[in-house]
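Below is one structure, written out as structure tokens; comments come after it.
Quick caveat: nothing in here was measured; it's all calculated off a predicted structure.
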Amino acid sequence: MLTPADDRLAAMLPAGVLRDPAPHYTEEPRGRYHGRAGLVAAPRDTEECAAIIRACAAARVAVVPRGGGTGLVGGQVMTDGAAPLILSLERMSAIRDIFPEEGVMIAESGVTLQAARQAAAGVGRQFPLSLASQGSAQIGGVLSTNAGGVNVLRYGNARALCLGVEAVLPDGAVMHDLKRLRKDNTGYDLRDLLIGAEGTLGIITAASLVLAPVPAETGVAILVVDSPAAALSLLSLAQARMAGGVTAFELISGQSLHFLDAAFPDMRQPFAERPDWLVLVEVGLPAGLSADAALEGLFTAGAAAGLVHDGVIAQSGQQGADLWALREHIPLANRHIGAIASHDISLPLSQVSRFIDDAGAWLAGQGDMRVNCFGHLGDGNLHYNLFPAEGRSRDDYEPLRRALSRGIHEMVVARGGSFSAEHGVGRLKAADLARWGDPARLAAMRAIKGALDPLGIMNPGAVLA
């Protein structure tokens with residue numbers, strides 16, 4: 001049994017770590033969960049973090065780690081049980097070191113993703129992980145959820161961009177593993193175990209991050225395609241023509257464009273008549289190669305193959321930013337409309353088009369609603385979101401919401417996909433993991449959890465229900 005975080009625990013903590021339990025510490029962006037907090041602690045360094053964890057272990061108090069609070073699956077809030085201690089990493093926000101020639105940055109967990117990207121740019125490198133929430137999302141949270149974003153196609157998820165971690169384990173011991181090595185075959189990779197664990201196995205306090213060279217030539221284009229199947233064929237063509245040079249390949253539906261019209265009527269769109277499907281392509285090439293010429297060649301080859309029917313190639317950095325603004329404003333437009341249910345899914349690329357067709361047909365039989373399908377087509381990650389029909393409220397669909405999501409997830413899993421592509425499991429999808437997870441894998445996860453966190457104090461209820 002866990003005990004509440006109260007004055008007895010407060011007396012065991014290092015001086016100066018407690019913070020006012022302001023409402024934002026127990027909130028999450030979608031408002032689906034209403035968290036609780038007995039105490040809020042914000043350590044200034046790793047030793048203070050370790051002391052806090054040791055105190056919580058001794059008092060048997062739950063610890064809920066919190067980064068920027070941008071997660072969308074409820075992993076950063078605890079809704080029931082004894083009031084926990086919220087552990088905020090916001091004060092651990094130092095860039096400890098940068099090694100430009102090695103392509104490595106050592107950053108503490110409270111560093112925002114935007115600050116990490118700016119620090120990399122300051123030494124002529126890039127930290128290529130890019131999220132819409134990068135101004136608030138913190139490195140610790142990004143790693144704990146193995147976040148993805150728009151550049152996974154080229155650079156991989158957060159896990160692929162981390163060489164080592166420093167972490168406080170559930171007994172308060174500090175694991176010093178801030179390696180800068182690309183090769184290290186010395187046993188179990190505890191770094192990879194902590195990345196994606198959502199704070200259930202320990203607290204990442206710092207990380208060695210991979211920095212990449214900045215491409216000499218970049219280009220952005222938005223191209224009209226007939227269907228997701230045509231978009232996938234165009235992706236294959238782009239990769240064949242620019243081996244390794246495609247940085248992002250985003251699918252955008254016509255429904256996205258109509259939602260942008262409703263939410264941002266002053267936003268300029270590149271096509272007067274809204275197409276049914278678009279792809280946004282970004283390429284980054286070495287010196288001596290023209291990104292514009294590469295995109296023009298892709299447009300010509302795509303048109304010859306019947307895959308592309310219209311398009312715009314950005315003629316300046318500002319035009320490229322304007323095209324990306326369309327994609328980046330889609331989640332904001334969705335929020336303006338108000339979703340019935342949102343799904344962060346991934347599929348094998350060969351299954352994407354069939355899933356979109358089959359799911360659309362199934363939903364048509366469930367009721368009158370709109371579907372906004374968009375996302376990172378290059379890595380098979382779709383955001384498949386359901387919205388009320390025009391003139392109706394999402395409250396009208398509340399009795400159907402759970403059944404609709406379950407039906408979507410069943411179709412995804414049946415096609416070898418995942419019901420959580422980049423947002424994690426948190427509390428929102430813990431029951432889904434229990435339902436569809438492989439039994440042997442789940443048993444191994446529970447065994448690891450039991451071994452590292454026998455008291456069950458680390459973010460209880462997240463990931464493993």
Side-chain angles (χ1 to χ4, degrees), residues 29 114 117 121 130-136 149-151 153 215 217-228 230-231 234-235 238 246-285 290-300 302-303 307-339 342 356 370-378 381-385 387-391:
Q114 182 169 302
R117 287 170 59 84
S130 180
L131 307 173
S133 60
Q134 62 192 32
S136 302
V150 298
N151 295 337
L153 172 63
E217 294 283 336
T218 60
V220 179
I222 196 161
L223 307 175
V224 177
V225 294
D226 278 339
S227 64
L234 185 64
L235 170 63
V246 182
T247 301
F249 199 94
E250 298 287 301
L251 182 70
I252 300 173
S253 69
Q255 189 65 74
S256 294
L257 303 180
H258 293 304
F259 282 179
L260 287 171
D261 283 331
F264 304 101
D266 296 330
M267 177 174 280
R268 293 182 60 186
Q269 295 200 30
F271 306 103
E273 184 175 339
R274 308 305 187 227
D276 289 336
W277 295 101
L278 297 169
V279 291
L280 178 66
V281 187
E282 180 172 306
V283 300
L285 302 176
S290 167
D292 287 349
L295 289 169
E296 289 168 5
L298 176 63
F299 177 88
T300 300
L307 303 174
V308 179
H309 302 290
D310 200 353
V312 172
I313 298 173
Q315 299 301 302
S316 67
Q318 183 58 55
Q319 286 185 9
D322 290 344
L323 294 180
W324 267 111
L326 291 172
R327 167 61 182 86
E328 291 164 351
H329 278 73
I330 293 172
L332 300 177
N334 284 348
R335 199 172 303 165
H336 174 82
I337 301 297
S342 302
I356 291 173
R370 293 173 288 179
V371 176
N372 191 7
C373 174
F374 67 102
H376 320 305
L377 186 63
N381 177 194
L382 300 178
H383 300 297
Y384 195 86
N385 301 337
F387 294 84
E390 286 195 62

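- You'll find the side chain of Val281 stays beyond 4.5 Å of the side chain of Leu235, heavy atoms only.
- Residues Asp261 and Gln269 have side chains that bring a donor and an acceptor to within less than 3.5 angstrom of each other.
- Looking at heavy atoms from C-beta onward, Leu260 lies in side-chain contact with Ile330 at the 4.5 angstrom threshold.
- Between Leu382 and Ile356 the shortest side-chain heavy-atom distance falls below 4.5 Å.
- Here the CD atom belonging to Glu328 is positioned 10.5 Å from the CG atom belonging to Leu131, to the nearest 0.5 angstrom.
- For the pair Ala314 and Gly320, the tightest heavy-atom approach, listed with the atom from each and the gap, is CB-N, 3.4 Å.
- Using the six-membered ring where Trp is involved, Phe264 and His329 have ring planes that are perpendicular, over 60° apart on the 30 and 60° scheme.
- Annotation: side chain of Leu257 is not in contact with side chain of Phe271 (no heavy-atom distance under 4.5 Å).
- Separation of atoms CG (Asp292) and CD (Glu217) is listed at 8.0 Å; rounding is to 0.5 Å.
- Heavy-atom minimum distance, Leu323 versus Pro270: CD2-CG, 4.4 Å.
- Between Pro215 and Leu285, the closest side-chain pair of non-hydrogen atoms is not below 4.5 Å.
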Open item on the list: What verdict does the side chain to side chain contact (heavy atoms under 4.5 Å, CB included) test give for Leu326 and Met267, after you've listed the backbone C-alpha separation in whole Å, the side-chain angles of each residue and the deciding distance to 0.1 Å?
Closed with: CA-CA 8 Å; Leu326 291 172; Met267 177 174 280; 3.5 Å; yes
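- By the side-chain contact (heavy atoms from CB on, under 4.5 Å) test, Ala231 is found to be paired with Val225, Leu251, Val279, Leu377, residues two or more places apart in sequence or in another chain being considered.
- Between the side chain of Ser133 and the backbone N or O of Ser136, no donor-acceptor pair lies under 3.5 Å.
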TODO: Test side chain to side chain contact (heavy atoms under 4.5 Å, CB included) on Cys373 and Trp277 and set out the steps.
DONE: CA-CA 10 Å; Cys373 174; Trp277 295 101; 4.3 Å; yes
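- Taking CG from Leu234 and CG from Leu307, the interatomic distance works out to 6.0 Å, rounded to the nearest 0.5 Å.
- A distance of 10.5 Å separates OG1 of Thr300 from CG of Leu295, quoted to the nearest 0.5 Å.
- Atom CD of Gln255 and atom CG of Asn334 lie 9.0 Å apart (nearest 0.5 Å).
- By the 4.5 Å heavy-atom criterion applied to side chains, Asp322 and Arg268 are not counted as neighbours.
- Atom-to-atom distance recorded for Asn381:CG and Glu250:CD is 8.5 Å, nearest 0.5 angstrom.
- The closest side-chain heavy-atom distance from Ser290 to Glu296 is not below 4.5 Å.
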- [ ] Go through Arg370 and Phe259 one step at a time and tell me if the side chain to side chain contact (heavy atoms under 4.5 Å, CB included) criterion holds.
- [x] CA-CA 11 Å; Arg370 293 173 288 179; Phe259 282 179; 3.6 Å; yes
